[in-house]
Number of protein chains: 4
Amino acid sequence: MPDQVKTGPADKRRAILDAAIRVFARQGYHSTRVADIADEAGVAYGLVYHYFRSKEAVMTELFTERWSLLLDASDSIYEQDIPAREKLAGIARFIIDSYRHDPELMKVIIVEVTRAANSFGATHLPEIRRAYDFVARIVADGQREGIYREEIDPDFVGMWFYGAIEQLLSGWVFGLIPATDEEFERAGDMVVETLCCGLERRDGA
Amino acid sequence: MPDQVKTGPADKRRAILDAAIRVFARQGYHSTRVADIADEAGVAYGLVYHYFRSKEAVMTELFTERWSLLLDASDSIYEQDIPAREKLAGIARFIIDSYRHDPELMKVIIVEVTRAANSFGATHLPEIRRAYDFVARIVADGQREGIYREEIDPDFVGMWFYGAIEQLLSGWVFGLIPATDEEFERAGDMVVETLCCGLERRDGA
Amino acid sequence: MPDQVKTGPADKRRAILDAAIRVFARQGYHSTRVADIADEAGVAYGLVYHYFRSKEAVMTELFTERWSLLLDASDSIYEQDIPAREKLAGIARFIIDSYRHDPELMKVIIVEVTRAANSFGATHLPEIRRAYDFVARIVADGQREGIYREEIDPDFVGMWFYGAIEQLLSGWVFGLIPATDEEFERAGDMVVETLCCGLERRDGA
Amino acid sequence: MPDQVKTGPADKRRAILDAAIRVFARQGYHSTRVADIADEAGVAYGLVYHYFRSKEAVMTELFTERWSLLLDASDSIYEQDIPAREKLAGIARFIIDSYRHDPELMKVIIVEVTRAANSFGATHLPEIRRAYDFVARIVADGQREGIYREEIDPDFVGMWFYGAIEQLLSGWVFGLIPATDEEFERAGDMVVETLCCGLERRDGA
DNA sequence: GATGAATGAGCGTTCATTCAT
DNA sequence: AATGAATGAACGCTCATTCAT
């Protein structure tokens, strides 16, 4: 199948996953029929069920595949010997780059999993929390080092951080804010800069 | 309740709305059958359709009812002659108080509308953006007054602000972070404090 | 209610019937809700059920009211001492005049009763047949007098006659054929003339 | 059946259509539930929707399937080099034979489509008119040849013709007139004979 | 007589999933 | 592996009818 995008020869399983990304991104999970995925993949209806136990299993695989990359990246960033602010910026950049690289998949993950607290969000809560925790740990470390204020709850910051970045991605996804290359470059740093230094001008700056 | 559209003894319409809040909060919109709402309200199935055009119309009324309170509050806060940071804190506090006062309704609004970009979120985008805009305008005013840094895009801040606060509410709703009275008191100020002053300790402070 | 058409003062029952004619004509019986009738009559929902046992009862009254006029007219025409052809022409003319006088009611009767063999047609079959029978009896009389051919079954002619005329009315109702005053004048005679004398030119005529 | 779209062993699609004929004939379209069709076909509920978009689509297929046969037959009869009266008789006979051969299907078509001007009749008006037109054209040709009287509007005759024949079929369907083989044989000729030559005895006959 | 809120059975349609081939 | 026909539970919505006032 030479016209199959980014799949090995006859890798129908991969074709189904990739098709699912496109269809979920286009229609949303709930409005996507299993038939839509099969059609988009150019594959027989039943084959989806040959490779996946259910429609939900397809979504889960998509999420897990990507989220584990984020967790791995967070972990390796966390382990690096760099300032806390660099670490936070690294995570923000990783998320935003993920979006730039594969906006459809990230749209699906943000919209259908991370922010869908009543469906997939509930199911994958533990993995989602692990991502928040990296941020919280970075902040806690910073507090121990004395560079961050102690009255701020690190867990709050973890949520704050992801809440803000996901909202940004949502804004791009739905066209609420301009999605240019330049914006992408600045956005992550801007979030981190604001989070760390605040909105207010420093005295004498 | 003089500002209520229709009220009276045995106001079944209100009973249906209140029941819908409970059921939507408990099961989520998609898992809620119209029959569940009717049962919860102790009312005949068809009466839901006597008062509302569809299940979606019930949700829409719930959202609009509450969101307009937020917009009104935002407006009156915005018009006050107080420092920008007070205004932001006022909005944050209003949202959090709304949650404390009626957590089920706020859960429904956050989870099913505000963060459900593929369903109700899309439908109510204009109203949702209006809320973000108040924050953006406060920030822009602050920039004009010279107290806020100019390199930060006010629209971005509008999104972060809501992203962060909604994530906080989500955290409470789903038990990710402790939801004590004390936390509620501090949370709004903490978000605003962090947003305005940053995480880092002020030099010499 | 001075703006009520052809009703005595506050004759709500009549108003409901007249409204029903308009709504049935406009939307058809099946697509008409009881609420539509009440709205059209400017009357409360429940009042329809105060005066009529059911939606069907409204239709039945409409039909019976009019059909009995046709039966009476047929009867008096039948009793007259005029040639058979005049009698047939009289009946045809009566039907067509009924349509000219009150096209909406006749539309309802033809479309929803007379030709709706699975619903009202079945219910009112006896009355409908009585109308056919007048035609059959006229033909049978004609046969006895020797002016009509004997090999034609009078009952067949009864059906033929009504089938043809109702089709004509249907044609007018649905715009298949032009519905001008002139057409109305000629149509009845044309049917009878054709029925009696045939399409073919008489030798030497 | 070489002209059948899809046929084969265990043709469930065909089974559904055949079942629909029986159930529509028995209960009428409106009183038929999709479940009735599935049950009658001995097939799962959902399979009806696998093969047909809606209940209406089933009816439409039934009608189109049969009506196109009538149009084809009318066309080939029209093209033949035979007297006008033969052509009319040919069409009448075709319709009546269709009824003899498959009374249930014809009942459905006549009762639910052809004479249901407010539902299917409206939808299929163009095809229905095409049938009337063949008759009109035969009459018009006859007028041009000088054998038919010119004061009769051919379009009117098209409607009478079908009105009369359909009424006859209705009479058989609902037992208003005897439906014996002998009657069937005579009926078509009687309609045409009456239409062409009229009821009255020819002078000197 | 008049109102319109209240009832609830009924039905068309969808679609995830299973299964025979 | 691959196909797509077959299954049937589930659900939103309609609307004739009833009833309390």
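Predicted, not measured: the structure shown is a model, and the values here were computed from it. Values below: all heavy atoms of this structure, side chains included; hydrogens, waters and symmetry mates excluded. Reminder, nothing fancy here: chain letters follow the sequence lines and each chain counts from 1.
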Chemist: To the nearest 0.5 Å, tell me how far D:W67 CH2 sits from D:H124 NE2.
Modeler: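 D:W67 atom CH2 to D:H124 atom NE2 measures 11.0 Å (nearest 0.5 Å).
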
Chemist: Begin with the C-alpha distance, continue with both residues' side-chain angles, and end with the deciding distance and a verdict on salt bridge (charged side-chain N to carboxylate O under 4.0 Å, His left out) for A:R66 and A:E127.
Modeler: CA-CA 11 Å; A:R66 193 57 157 225; A:E127 297 144 281; over 6 Å; no

Chemist: Send over the distance from D:D39 CG to F:dT7 P, rounded to a whole Å.
Modeler: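 Whole-Å distance recorded here is 12 Å.
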
Chemist: Would you verify whether the NZ or CZ of D:K55 falls within 45 degrees of the ring axis of D:Y29 while also being under 6.0 Å from that six-membered ring's centre?
Modeler: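 Yes, D:K55 lies over the aromatic ring of D:Y29.
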
Chemist: Do the side chain of C:R33 and the main chain of C:H30 share a donor and acceptor less than 3.5 angstrom apart?
Modeler: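 Yes; judged by distance alone, with no hydrogens or angles, the pair exists.
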
Chemist: At less than 4.0 Å, is any side-chain N or O atom of B:K12 found next to OP1 or OP2 of E:dA5? Yes or no.
Modeler: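 Negative; the distance criterion is not met.
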
Chemist: Given that both pair distances must be under 3.5 Å and the pair must be Watson-Crick or G-U, what runs of three or more consecutive pairs involve DNA chain F?
Modeler: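 Stem list for DNA chain F: E:2-21 with F:2-21.
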
Chemist: To the nearest angstrom, how far is B:F52 atom CZ from F:dC15 atom P?
Modeler: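 Distance, rounded to whole Å: 20 Å.
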
Chemist: Rounding to a whole Å, what distance do you find between B:I37:CD1 and F:dC11:P?
Modeler: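 Rounded to whole Å, this separation is 13 Å.
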
Chemist: Rounded off to whole Å, could you give me the CZ-to-C1' distance for the D:R13 and F:dG4 pair?
Modeler: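 In whole Å, F:dG4 C1' and D:R13 CZ are 15 Å from each other.
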
Chemist: Quick one, give me the B/S/- string for nucleotides 14-21 of chain E, reading 5' to 3', where B means a protein heavy atom under 4.0 Å from the base and S means that only happens at the primed atoms, P, OP1 or OP2.
Modeler: BSBBB---

Chemist: Are D:R22 and D:D18 close enough for a salt bridge, meaning some N to O gap below 4.0 Å?
Modeler: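 Salt bridge flag = no for D:D18 with D:R22.
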
Chemist: For A:T64 and A:E61, indicate whether the former's side chain and the latter's backbone hold a donor-acceptor pair under 3.5 Å.
Modeler: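 Side chain of A:T64 to backbone of A:E61, a donor-acceptor pair under 3.5 Å: no, none is there.
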
Chemist: For A:D36, enumerate each residue passing the side-chain hydrogen bond (donor to acceptor under 3.5 Å, both in side chains) test, keeping only those at least two apart in sequence or located in another chain.
Modeler: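 Not a single residue meets the side-chain hydrogen bond (donor to acceptor under 3.5 Å, both in side chains) criterion with A:D36.
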
Chemist: Round to a whole Å and report the spacing from CG of B:L47 to P of F:dC15.
Modeler: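 Rounded to whole Å, this separation is 17 Å.
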
Chemist: When you measure from the side chain of A:K107 to the backbone of A:V173, do you find a donor-acceptor pair of N or O atoms at a distance under 3.5 Å?
Modeler: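 No, because the side chain of A:K107 does not come within donor-acceptor range (under 3.5 Å) of the backbone of A:V173.
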
